[in-house]
2 protein chains.
Amino acid sequence: MFESVTIKDIAKALGVSTSTVSRALNGSYEIGTETKKLVLEYAEKINYRPNPIALSLKEQKSHSIGVVVCEVANDYFSQAINGIESIAYNRGYHVIITQTHESFDRESANVKHLLSRHVDGLLVSLSAQTTDTSQYKYLLDKGFPIVFFDRAAPDLNTHKVIANNFQGSFNGTEALINSGFSKIAHLTNSNNLLISHERFEGYNAALDKHGIEFRPEYLKHCNHGGMIHDEVELVLKELLALDDKPEAIFSGSDRLTISSISILKKWGLKVPGDIAIAGFTNSDVVDLFDPPLTVVRQPAFQIGQMATEMLIKTIESKWPVEEFTTEKVETQLIVRSSSVRY
Amino acid sequence: MFESVTIKDIAKALGVSTSTVSRALNGSYEIGTETKKLVLEYAEKINYRPNPIALSLKEQKSHSIGVVVCEVANDYFSQAINGIESIAYNRGYHVIITQTHESFDRESANVKHLLSRHVDGLLVSLSAQTTDTSQYKYLLDKGFPIVFFDRAAPDLNTHKVIANNFQGSFNGTEALINSGFSKIAHLTNSNNLLISHERFEGYNAALDKHGIEFRPEYLKHCNHGGMIHDEVELVLKELLALDDKPEAIFSGSDRLTISSISILKKWGLKVPGDIAIAGFTNSDVVDLFDPPLTVVRQPAFQIGQMATEMLIKTIESKWPVEEFTTEKVETQLIVRSSSVRY
DNA sequence: TTGTACGCGTTATCAA
DNA sequence: TTGATAACGCGTACAA
């Protein structure tokens with residue numbers, strides 16, 4: 001079953017040359033019909049499978065794609081990887097996953113490692129720390145296929161697949177406003193990330209639409225410098241120490257949403273009640289919170305699929321791609337009682 | 001950066017032969033000290049990286065390991081994959097992940113696919129549907145390295161890494177008993193899975209220790225035949241229709257725990273209150289349930305790491321392994337107020 | 001100490 | 001229509 005049958009074995013068994021076998025297998029027409037049939041039947045019989053490694057060496061393609069994400073054990077990314085796998089599998093690619101743990105150094109090391117593995121292309125979601133995108137620029141300039149998903153580099157000219165962060169954030173914030181809150185803080189990821197900007201804009205636009213003035217002291221970033229829990233704790237302390245405390249928080253990330261609730265509960269505050277929370281998350285158990293959480297969900301699986309399709313298309317197109325597209329995928333707002341004013 | 005530098009390039013640049021370069025790079029001592037130095041310095045300078053594909057072809061090793069799990073987007077498995085990746089990465093292996101979605105057919109297709117990819121070994125967690133393990137037996141008999149983790153085949157003689165399901169289940173059930181429940185149902189995975197047996201035994205032993213009689217009608221399996229949600233709904237209906245309804249449920253799986261709570265809440269039942277729940281899960285947000293859930297957590301990351309280490313050790317040992325080990329990893333009981341009797 | 005030649009499995013090019 | 005051969009990048013047995 002796993003000991004490899006090669007075209008040599010077939011050639012020897014059938015008394016033909018390896019090139020004949022190769023031609024028969026690859027459907028080339030410059031071959032005798034009966035010879036072809038013979039080879040195909042025998043190949044089928046002994047369950048011949050071409051050796052992908054030899055193919056790779058020959059074609060100078062690894063048929064693998066590299067994935068750079070911050071964390072695998074994360075609802076959003078595990079769902080995205082699911083989507084990536086599903087497409088890659090069908091197209092005959094395999095996927096090498098690497099994690100940055102939000103560190104720029106690990107991110108560059110991962111990219112180098114993947115390159116030394118001769119991956120045919122890269123699927124990247126930037127780390128929160130990353131500001132220097134020159135390595136990607138370098139690769140892109142040489143025509144190396146890279147597709148960014150979710151956390152894209154704003155200045156790089158390539159394919160991108162991202163959620164409609166503006167709209168998602170707008171909707172989530174508006175849900176809080178609709179249930180009577182006007183003092184709404186915004187807790188979000190590193191300012192380095194484009195998604196943070198987009199989500200802030202959505203938040204801001206929602207305030208604007210409802211005639212609520214934006215207060216700079218209500219905007220808090222977490223840069224994932226150290227332990228996320230400590231960072232969130234600090235930021236929440238600052239928010240609660242304000243003269244005019246926020247009544248609600250709209251959170252721009254899964255991890256921040258969960259951390260916040262956890263900390264606030266630890267402090268004995270009721271969520272909602274003392275303070276309401278809504279935010280981005282892809283966890284499917286937040287529905288079971290009491291009360292269930294109002295969330296903005298990203299179509300992670302679909303984003304993974306789209307990015308992978310784009311990447312493979314880019315890899316397999318012989319001509320350098322001229323037109324880069326940015327796909328925006330709609331988010332889903334799920335309003336639950338957690339954003340209802342008590 | 002990504003255009004490959006080969007030993008040929010180095011040889012040409014330095015006016016030596018490729019074998020000299022190869023020898024210098026591989027630290028062979030039958031080479032002139034200054035030649036060696038020269039080569040190494042130049043290789044470093046132009047950032048030479050051996051082509052892993054050529055190496056694979058030469059060595060008849062792919063330096064990759066295949067992973068078979070039911071689902072990536074699952075707390076337990078994404079954490080396990082994290083562990084797998086961390087070890088594999090360090091040891092120079094990469095990881096090809098496939099999903100069964102609990103289907104036996106997909107499982108065998110995945111194994112075949114991984115084999116045709118020439119993976120050096122397999123890390124397998126069986127699908128809930130799988131009863132026929134002959135394909136693994138066949139491979140193992142040929143000396144192909146396979147390590148099972150979590151969901152192992154009882155009848156196969158190979159390395160296994162599993163959580164101490166008995167103890168975990170015992171502890172979880174006892175936590176419910178300690179808070180005053182005696183009518184405790186057990187909801188668990190397919191009877192095909194060894195872990196289901198072990199978990200049932202743990203549950204049973206806890207009842208036994210506390211002089212509680214086991215009732216067959218309190219034991220319910222979910223076979224993942226169709227939609228898990230529907231299956232759980234059916235099973236819960238049966239439990240609640242009993243003359244002597246259970247006061248608590250000890251659940252033997254992440255998905256079942258979450259589904260149950262979701263359905264019971266949908267029916268307007270309070271959890272706990274009307275019925276208490278405790279169970280296996282690796283989700284880290286169940287702490288935020290109100291009240292927080294009593295759970296048994298598996299050290300998924302560690303299990304992934306151990307399984308990968310074992311597999312790589314098996315792959316790299318030239319002699320067929322005689323002694324197969326079964327590693328038991330302790331689970332962690334986290335008692336929360338959800339198992340307190342109201 | 002170094003260079004030449006071969007093989008790993010495959011496809012492509014050329015010759016027969 | 002088919003076969004022999006080179007090439008992909010590497011390591012290594014063997015020859016020098």
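Throughout, protein chains are lettered first and strands after them, A, B, ... in sequence-line order, and every chain is numbered starting at 1. Keep in mind that what you see is a predicted model, and the values were worked out from it rather than measured. Below, all heavy atoms of this structure are taken into account, side chains as well, without hydrogens, waters or symmetry copies.
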Can you tell me if [X] touches the phosphate of [N], counting only side-chain N or O atoms and a distance under 4.0 Å to OP1 or OP2?
| X | N | value |
| --- | --- | --- |
| Tyr48(B) | dG9(D) | no |
| Lys8(B) | dC8(D) | yes |
| Asn26(A) | dT11(C) | yes |
| Thr35(B) | dT2(C) | yes |
| Gln60(A) | dA7(D) | no |
| Thr6(A) | dG9(C) | no |

Take Leu55(A) and Thr20(B), find for each the nucleotide of DNA chain C with the closest heavy atom, and name the residue whose nucleotide sits nearer the 5' end.
->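 Looking at DNA chain C, the more 5' nearest nucleotide goes with Thr20(B).
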Residue mapping more 5' on DNA chain C - nearest nucleotide basis, Val16(B) or Val21(A) =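 It is Val16(B) whose nearest nucleotide is closer to the 5' end.
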Looking at Ala11(A) and Thr18(A), what are the two nearest heavy atoms and their distance?
->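 That closest heavy-atom pairing would be CB-N, 3.8 Å.
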Side-chain (Thr158(A)) to main-chain (Ile146(A)) donor-acceptor, under 3.5 angstrom |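 Side chain of Thr158(A) to backbone of Ile146(A), a donor-acceptor pair under 3.5 Å: yes, one is there.
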Leu126(B) backbone acceptor or donor facing Arg151(B) side chain under 3.5 Å |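 Here the side-chain-to-backbone pair exists.
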Which listed nucleotide (dG3(C), dG9(C), dC10(D)) is nearest to the side chain of Ser19(B)?
->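 For Ser19(B), the side-chain atoms sit closest to dG3(C).
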Can you figure out which of dC10(D), dA4(D), dA6(D) approaches the side chain of Ala54(B) most closely?
->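 Nearest to the side-chain atoms of Ala54(B), counting from C-beta on, is dC10(D).
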Within the sub-3.5 Å range, which N or O atoms of nucleotides 14-16 of chain C have a protein N or O partner, and how far apart are they?
none

Pair His113(A) + Tyr89(B): ring centers closer than 6.0 Å |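 So the answer is yes for these two rings.
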